[in-house]
Structure formats: structure tokens, C-alpha cells
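The structure appears right after this line, and notes come after that.
Atoms considered below: every heavy atom in the structure, side chains included; atoms not considered: hydrogens, waters and symmetry mates. In what follows, chains are A, B, ... by sequence order, proteins preceding strands, each numbered from 1.
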2 protein chains.
Amino acid sequence: MTTTARELPHPELVEVELPAVLFALSDPARLDLIRELAAHGTLTVAECQAQGPDVPKSTFSHHLKTLREAGLIRNEPAGRQRTVTLRRAELDERFPGLLDAVVTS
Amino acid sequence: MTTTARELPHPELVEVELPAVLFALSDPARLDLIRELAAHGTLTVAECQAQGPDVPKSTFSHHLKTLREAGLIRNEPAGRQRTVTLRRAELDERFPGLLDAVVTS
DNA sequence: GCAATCGTTCCAAGAAAGTCGAACTGTAAT
DNA sequence: ATTACAGTTCGACTTTCTTGGAACGATTGC
């Protein structure tokens, strides 16, 4: 077999709704994570988690899910790990200036 | 007595936190209201309420409270009514570009 | 194959938020 | 004064979100 990794669902850009984006960003832990991603680019889940305070895996994974389903990040398999990427270019297209404002503030 | 109207508490600008602002904006009804205020300037509570779909007074008042406590609006007595104002200049100072991005999108 | 690792999903409990009727407060008009 | 009016607050209910342990699935290394 080749790569039969677990793909998680991601909303299309047109499906990304502003209220959901704002809600996902309204949690301090998730907001910090987005800022880390904006600064460091792509990270593995483990690296993401290492940035913040110690929190159970399941809790962290739930935050990733919220951000992913809102359309803020991509979460993709990479061997036995997973990489997390901010959908910056797409979000800049859909909501111009929003990410800049949020990450800068 | 002169004007002893009911003043409601408003956070100082420095006390306004980004997560609370984003949370307040993450509800479609509240987001719409902010957009109305951005477009029309100051409105009375009744005028605000008339913009959206019909909703009980108490529910609407609760949304106003959320927005006020987050620092997004001012709600001040005006005779027997109340006026609602977007704290735009202050917010632009505290979170440059945020309101523009949110209202435009 | 077997074990270890990485991370998600499942489930249950507690916390927070939304909704709305009813009661209440303050202002204006008569 | 009395009545009407504009909005907030209170209280109860429902819904959603958060949190974290345990189980599961997939991948790599031995």
C-alpha cells in the first residue's frame, strides 16, 4: 500500500463562516495557537502542544478540531505524526485584514 | 434633581480583551447589530431591535449586555429611551483593523 | 508480527451561554 | 398622581461548550 493516512474533513473556503471563525478565535488557548502558527508556519501537533501550557491530549485535540472545522487550520497526516497549518492565504482572501488584525493585536 | 438616569457599567478601553470581543462578535445576531451600528451610527435600542428579526426584549437586551461588557458598544440613557453607540474610534485604537475587517467581510 | 508512539474519537460530568416570560425601575405625558 | 412606555434584571429551563480519562486506529521501528 501507499499512503492510506487518515484525512480529516476541512471546509471549503466558501463554506467558512465568519461567526464560526470568530468563535474559534475567542478562546485564549486557540488564539495563542493561531498566533504560534502565524509566527512559526507549519508545526506538528506535538510542537503545537509544546508551545502552550500542559494540557491533556484529548483537550488539545478538541481545540484543533474546533479550529479545523471553523476553517482556520489544516490538519494533515505526516507519517506517524500530523502537521498543522494556518490557512492564511485563503483566510486573507475570504476575510481581508482579519487575521492580521487578530494576530497583531 | 437633574438627570439621574441609569448608567450601566462600561469597561475602560485598556480593560477590553480580544477574546471577549471576538466572542461577542461570534454570534450572528450580535454581529449583525454591530454592522448596523457601523452603518447607521448611534441608534436607540428600539431602532436597533427593529433592524433584526423579531425577538423578545429580554433576549435582545441580553445581547446588548454581552456587547457592552465586551467593550464593543456604549449603552446610555437618553430620556426615556437609550442610545447604543459603537465604540469605533476606541476599538480602532486598541485593535487596529479588526472592526473594519469584521464589518466589511 | 509485536510493541511503542502519535493523535483522534468516544463518553460522561461540570460549566457557561442562549432564550424568554414576568417582574421591576426610571422617565415622560396627561 | 396616574398611566403609559422603554429597557433592564431576575429566574428557570434548555442547549452548547469545555474538560479529561479511556479506548481506538494508524504508522513506524525492532
If the sugar-phosphate is the primed atoms plus P, OP1 and OP2 and the base is the rest, what is the B/S/- string for nucleotides 4-13 of chain D, using protein heavy atoms under 4.0 Å?
-> BBSBBB----

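Taking atom CG on A:Asp27 and atom P on D:dT16, their separation rounds to 19 Å, with Å as the unit. Straight-line distance from the CG atom of B:Asp54 to the C1' atom of C:dG21: 15 Å, rounded to whole Å. Here C:dG7 presents its P atom at 16 Å from CG of A:Leu67, a figure rounded to the nearest Å. In this structure, CZ of B:Arg30 is placed 12 Å from C1' of C:dT19, rounded to the nearest angstrom.
In this structure, the side chains of B:Thr66 and B:Arg30 come closer than 4.5 Å at one or more pairs of heavy atoms. The side-chain heavy atoms of B:Glu69 and B:Pro11, taken from C-beta on, include no pair separated by under 4.5 Å. Inter-residue side-chain proximity for B:Leu18 and B:Leu98 is flagged as met; some heavy-atom pair is nearer than 4.5 Å.
For the OP1/OP2 pair of D:dT19 and a distance below 4.0 Å, the side-chain nitrogens and oxygens of A:His63 include at least one atom meeting the criterion.
With sequence neighbours excluded, the residues satisfying side-chain contact (heavy atoms from CB on, under 4.5 Å) with A:Asn75 are A:Leu8, A:His10, A:Leu64, A:Arg68, A:Arg82.
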Pair A:Leu99-A:Leu86, side chain to side chain contact (heavy atoms under 4.5 Å, CB included): steps then yes or no | CA-CA 10 Å; A:Leu99 224 48; A:Leu86 182 59; 3.9 Å; yes

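Under the side-chain hydrogen bond (donor to acceptor under 3.5 Å, both in side chains) criterion, the residue pairs touching residues 93-105 of chain B are B:Arg88-B:Asp100, with sequence neighbours excluded.
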